[in-house]
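First comes the structure, then the notes that go with it.
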Amino acid sequence: MLAMLAATVAPSGEAADPLATAPGSSGPNVVVILTDDQGWGDLSLHGNHNLRTPRLDALAESGAEFEHFFVSPVCAPTRAEFLTGRYHPRCGVRGVTQGAERMNLDEVTIADRFRAAGYATAAVGKWHNGMQYPYHPCGRGFESFYGFCSGHWGDYFSPPLEHNGQPVRGNGYLTDDFTNHAIQFVHEHAAEPFFLYVAYNTPHSPMQVPDKWYYPLAKSKLPQRHRDPKLEDEAHTRAALAMCENIDWNVGRLLDQLDALNLAEQTIVLFFCDNGPNGYRFNGGMKGHKGSTDEGGVRSPLFIRWPGRIPPGTRIEPITAAIDLAPTLIELAGLETPASGERPAGATAAAHVPFDGQSLVPLLQDPAANWPQRKLFSHWGGRVSVRTDKYRLDHEGQLFDMQRDPGQRRNVAQAHPQIAADLMSAVAQWKGTMLPLIATDDRPLTLGSAQFAFTELPARDATARGSIRRSNRHANCSYFTHWTSLDDSIQWDVDVRLAGTYLVDLQYACRDEDVPVVLRISCGEQSLDARIDASHDPPLRGHENDRVKRVESYVKDFATHSLGTLRLPAGRRPVVLQAVEMTGGRAVEVRGLRWTRVGN
Ligand SMILES: [Ca+2]
């Protein structure tokens, strides 16, 4: 650090702070790379010899690695904590699907802040913090979004995606496609400050990965195993590791683009994962995986690279968390901090809000800095654990000395009753503050906006009545099937935020023997009958590319049928889809509705 300080001497002759960005000056670009269900242990840097991750290893070594960085046990909470700098219950995030994954609309995101500071902003990949505008990423500070908003996707090879709310077809394997779009964004915005959020959807299931990545691992030994090897499904592990090697290659392509455009030195690159590994596999001997509030469920890599500013090989030991990332990036980029000013111009939020996290810039300046003792909380499903630099109190009140016992094998609560009591009290206080915020959820689905013409209402966000069944209990990429009666219905709880005339498109499948079928869509007093004459009966798909049997829904290539236009008054009412005439034993299968505002 001293050498780095000496290298950057201010005109006054005093040593400049290498991490300072003067207010008003053109700040650094920011590229945030987030992976989905990749664990701390899924990197060769961390002692995993089952795979090779040379580009991520090099990224870590070329800047700062935070050794004890924590995220939430599952996807959507971590994403909200990164985006807001606040614990996910404050943001209203209480789940991972059917609207519970949404961040409250009065939250200010990091993208709001960078956009207000004049940055070009884009998100690419899996969003998972709300679909209908303004929950949509284009309503949360991102000028551009390419990917899918749902918590998981059923097909990784050229699947249906969206670009700024409009349906598009992906091009190739998803992470490759997302990287291509990220590279294109960097290329297009090379001459101006940009904030790019690349949220890869792998190695989340379904376990789909191209042969090129899978075959070398399919034949290799796995020298590193889960701490309880009999729990491990080697086929699942091999697929996950192949997906991680593909991520590594894609991260390398993106970094190469920064080099090619001579942008590396003016770009902060940040890499982390959204939760622990999605299976029993090597994770440094830690207890727990995805979904767990134990160390293995919440410890993630965190690498921050800023060439010329953060010395290579920086290692930071104190505990840190996803809630720290927004304040850190804001300070590194020299943006006005929310405590010091008014809410960002153009932000969707009503007021500025305090962070739960704190800027890590002092640690980047000096890893041995005098740094306060902290308590960092992990929550999922009512279970809460708390971490200090030395201890973890788990959700059952067991205390572990994480420095001597990183695998959480020896409960030392009886040996340290005062520490255990203090941490239990801290957990009780955290629960008392946070859990009431997510005790109930009465947020309707938003439909209509002057800023955004498209609203998708997927089957995921609906409830079905009668004989209709969801294709899978995991709702995120599901559809409705087994619609057998005129008494059945599908209902979305909608708040029309902008009255107007809307074109309604249905994504559907229908057997030959079931046409014609007449559907009725209604919203309050308004209704529309639409006749479907064309059958569309594609096979179930997805299994042909799965390396292991999936737990999520299979998919179909649904057709789109325009039901017509409906005038929607403003206000909260259910949108109801019913069948009024059926020919065969079934009506249609429903993937969702797409609404486009076409007039007043
Ligand atoms: Ca995840």
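Each ligand, and each atom within it, is numbered from 1 in the order the structure gives. Since the structure is predicted, the reported quantities are computational estimates derived from the model, not experimental observations.
- Taking backbone and side chain together, C75 holds an N, O or S atom under 3.0 Å from the Ca ion (ligand 1).
- R460 forms no cation-pi arrangement with Y479, by the criterion of a distance under 6.0 Å to the ring centre and an angle within 45° of the ring axis.
- Angle OD2(D274) to the Ca ion (ligand 1) to OD1(D37): 150° [nearest 10 degrees].
- As for D36, its N/O/S atom nearest the Ca ion (ligand 1) is the one called OD1.
- The aromatic ring centres of F272 and F82 sit less than 6.0 Å apart.
- Taking the six-membered ring for Trp and the full ring otherwise, W430 and Y87 have centroids separated by under 6.0 Å.
- Between L43 and H46 there is a side-chain heavy-atom pair separated by less than 4.5 Å.
- Taking 3.0 Å as the threshold, T78 does not count as a candidate ligand of the Ca ion (ligand 1), since none of its N, O or S atoms lies below it.
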